[in-house]
Amino acid sequence: QVVFALNQTLLQQESLRAGSFQIPYTTEDLIKHYNCGDLSSIIFNHDTSQVPNFINATLLAHERITAQEIDSYFRQELIYKRNERMGLRVKDLLEEYPDRSFFFAFGAGHFMGNNTVIDVLKREGYKVEHTPAGQDI
């Protein structure tokens, strides 16, 4: 699986470099949507946007199964579990020190797709509000 994932990643990077493959959004698009608090945009609603996409139409049947297994593993380990741990750490700090103020900053990847850090905190009963860029806290 590791060799397959490395080969697919290299093929994707070569396609990007050659111009035959393009990412559907730019870093600037991510920043714009993030700053505007538009976390429900199509960009932030794809779970796999944080990890390489190994599943494509050119794969053989056995390669497609391997790609699906890797995609599922990455989604679970790198996205869902990571966000769960981070959200629960925030919750634990807030509960351990209720008289303190905190500022938590996360990269945009922690707000993408399903089971985000925000989803974890909301599930734990917290209200989360977006603070636009330039707004005083």
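Computed from a predicted model, the values in this text were never measured in an experiment. Values below: all heavy atoms of this structure, side chains included; hydrogens, waters and symmetry mates excluded.
The pair E84-R123 counts as a salt bridge, with a side-chain nitrogen and a carboxylate oxygen less than 4.0 angstrom apart. Between E124 and K122 there is no salt bridge, since no side-chain nitrogen of the basic residue lies less than 4.0 Å from a carboxylate oxygen of the acidic one.
The environment of OH in Y73 is sparse: at most 12 heavy-atom neighbours from other residues, nucleotides or ligands sit within 6.0 Å.
Criterion: ILVMFWY side-chain heavy atoms under 4.5 Å apart, direct or through other members. Under it, I118 and F102 are part of a common hydrophobic cluster. Both V128 and F106 are part of a single hydrophobic cluster, where members link through side-chain heavy atoms under 4.5 Å apart.
Here the CD atom belonging to E63 is positioned 10.5 Å from the CD1 atom belonging to I70, to the nearest 0.5 angstrom.
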What pairs of donor and acceptor atoms, side-chain ones from residues 85-98 against any protein atom, are under 3.5 angstrom apart with sequence neighbours left out?
from: K91; atom 1: NZ; to: E95; atom 2: OE1; distance (Å): 3.3

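If you run side-chain contact (heavy atoms from CB on, under 4.5 Å) between N83 and each of N115, V117, L121, D119, only V117 comes through.
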